[in-house]
Amino acid sequence: MEQFKGLWRDTKFVWIGFVAMTLAIAIFGSWYYLLLLPCLPVSFVYFAFIRYDEEGNEKGDFT
């Protein structure tokens, strides 16, 4: 759970922007774009587990 908190702490405005842009495109364009909303939590979970450790700190580079 700390991984999710860490990612949200560092990128909350980006995710809010993604949701806002998706909703705006759906309202002004086509409702079909609302199908993108279920994709956002999947990518959020993926990046949380890849980029953050169990304590919510960002992992260092592996190079």
Exercise. Which residue pairs pass the salt bridge (Lys or Arg N to Asp or Glu O under 4.0 Å) test with at least one member in residues 9-21, sequence neighbours excluded?
Worked result: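 Pairs touching residues 9-21 that pass the test: none.
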
For this session: Sorted by first residue and then second, give each salt bridge (Lys or Arg N to Asp or Glu O under 4.0 Å) pair with at least one member in residues 22-39; sequence neighbours left out.
Result: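 Of all non-adjacent pairs touching residues 22-39, none passes salt bridge (Lys or Arg N to Asp or Glu O under 4.0 Å).
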
Problem set entry | Any pair counted as ring pair (Phe, Tyr, Trp, His ring centres under 6.0 Å), so long as it reaches residues 40-59, sequence neighbours left out |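 Checked against ring pair (Phe, Tyr, Trp, His ring centres under 6.0 Å) - neighbours excluded - the pairs reaching residues 40-59 are Phe4-Phe49, Trp15-Phe44.
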
Look at the side-chain heavy atoms of Ile, Leu, Val, Met, Phe, Trp and Tyr, link any pair under 4.5 Å apart, and say whether [X] and [Y] land in one connected group.
{"X": "Val14", "Y": "Leu37", "value": "yes"}
{"X": "Met21", "Y": "Phe28", "value": "no"}
{"X": "Trp8", "Y": "Ile50", "value": "yes"}

Problem set entry | Over all atoms of both residues, closest heavy-atom pair of Leu7 and Ala48 |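 Residues Leu7 and Ala48, closest heavy atoms: CD2-N, 3.6 Å.
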
For this session: Please name the pair of heavy atoms, one in Glu2 and one in Glu54, separated by the smallest distance, quoted to 0.1 Å.
Result: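 Looks like CB-O, 3.4 Å.
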
For this session: Only counting residues at least two apart or in another chain, list the ones meeting side-chain contact (heavy atoms from CB on, under 4.5 Å) with Ile27.
Result: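 None.
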
Problem set entry | Nonpolar side-chain network containing Leu36, other nodes, edges under 4.5 Å |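 Taking Ile, Leu, Val, Met, Phe, Trp and Tyr as members, Leu36 shares its hydrophobic cluster with Ile25, Tyr33.
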
For this session: Under the salt bridge (Lys or Arg N to Asp or Glu O under 4.0 Å) rule, collect the residues that match up with Arg51, sequence neighbours excluded.
Result: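 Here the qualifying residues are Glu58.
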
